[in-house]
Amino acid sequence: MNVYAPLIIAATGIPALCFAVWSGRPGTAHARGMGLRWALIALCMFVAATGVYLAGDNRNIAYGVIIALVVAVNALGISLVLHLRRGNNGAPRR
């Protein structure tokens with residue numbers, strides 16, 4: 001029963017990994033930056049799945065892992081949005 005939550009968390013990290021591969025294909029610096037951010041989001045999901053699995057029946061540790069996951073993914077999401085706003089030339093849009 002304790003294995004379902006980590007499996008679900010890890011399964012939701014797979015699309016982020018696919019987006020990382022797909023968005024980094026053009027090879028430009030902007031595409032690589034976007035792919036890196038998606039890959040870091042996937043890595044956070046996989047590390048959180050491992051942490052929840054290792055937490056076992058200890059709910060306090062599992063809650064701490066989930067809170068850290070939410071903070072990390074949201075920070076990377078904001079970083080991704082700011083990177084997308086920057087555009088291809090590195091200058092911020094108005």
Side-chain angles (χ1 to χ4, degrees):
M1 185 71 175
N2 290 337
V3 76
Y4 293 124
L7 280 176
I8 292 170
I9 294 171
T12 57
I14 292 171
L17 194 60
C18 293
F19 284 138
V21 171
W22 180 73
S23 64
R25 285 185 307 157
T28 64
H30 190 263
R32 284 191 311 253
M34 196 164 62
L36 174 68
R37 284 160 178 85
W38 277 112
L40 288 174
I41 289 171
L43 180 66
C44 286
M45 299 294 281
F46 296 144
V47 168
T50 305
V52 170
Y53 179 74
L54 293 176
D57 289 332
N58 192 340
R59 287 186 181 228
N60 290 332
I61 294 174
Y63 289 154
V65 170
I66 295 301
I67 290 170
L69 169 69
V70 169
V71 169
V73 168
N74 282 321
L76 286 167
I78 291 170
S79 172
L80 180 65
V81 169
L82 292 175
H83 182 74
L84 288 173
R85 286 194 60 194
R86 236 180 268 144
N88 289 332
N89 59 359
R93 290 185 186 173
R94 292 185 184 228

Discussion item. Within the structure provided, determine whether Leu36 and Leu40 are in side-chain contact (heavy-atom separation under 4.5 Å).
Written reply: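 Side chain of Leu36 against side chain of Leu40, heavy atoms only: contact under 4.5 Å found.
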Worksheet item: Going by heavy atoms in the side chains, are Phe46 and Ile14 under 4.5 Å from each other?
Response: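 In short, these two side chains touch, coming nearer than 4.5 Å.
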Worksheet entry | Passing option when Cys44 is tested against Ile9, Leu76, Val70 for side-chain contact (heavy atoms from CB on, under 4.5 Å) |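 So the option named by the test is Leu76.
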Practice prompt. Could you point out which residue of Ile66, Val3, Val47, Ile8 forms a side-chain contact (heavy atoms from CB on, under 4.5 Å) with Val52?
Written response: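 Output: one option passes, namely Ile66.
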Worksheet item: Would you say the side-chain atoms of His30 pair up with the backbone N or O of His83, donor to acceptor, closer than 3.5 Å?
Response: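 Checking the backbone N and O of His83 against the side chain of His30, a donor-acceptor pair under 3.5 Å is found.
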Do you know the tightest heavy-atom contact between [X] and [Y]?
X     : Y     : value
Gly27 : Arg32 : O-NH1, 2.9 Å
Ser23 : Ala31 : O-CB, 3.3 Å
Ala11 : Pro15 : O-CD, 3.2 Å

Discussion item. Between Leu82 and Leu84, is there shared hydrophobic-cluster membership here, with clusters defined by ILVMFWY side-chain heavy atoms closer than 4.5 Å?
Written reply: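 Different clusters: Leu82 never reaches Leu84 through Ile, Leu, Val, Met, Phe, Trp or Tyr contacts under 4.5 Å.
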Discussion item. Under the rule for side chain to side chain donor-acceptor pair (under 3.5 Å), what residues qualify as partners of Ser79, not counting sequence neighbours?
Written reply: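 For Ser79 the side chain to side chain donor-acceptor pair (under 3.5 Å) partners, ignoring immediate neighbours, are Arg37.
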Worksheet item: What residues, two or more places apart in sequence or in another chain, satisfy side chain to side chain donor-acceptor pair (under 3.5 Å) together with Asp57?
Response: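 Asp57 satisfies side chain to side chain donor-acceptor pair (under 3.5 Å) with Asn2 only.
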Item to complete: To the nearest 0.5 Å, tell me how far Ile61 CD1 sits from Leu54 CG.
Response: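 One finds 9.5 Å between CD1 of Ile61 and CG of Leu54.
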Fill in: Rounded distance [0.5 Å steps], CG in Leu17 versus OG1 in Thr12
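Spacing of CG (Leu17) from OG1 (Thr12) equals 12.0 Å.
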Discussion item. Parallel, tilted or perpendicular: which one describes the rings of Phe19 and Trp38, with boundaries at 30° and 60°?
Written reply: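 Phe19 and Trp38: tilted rings.
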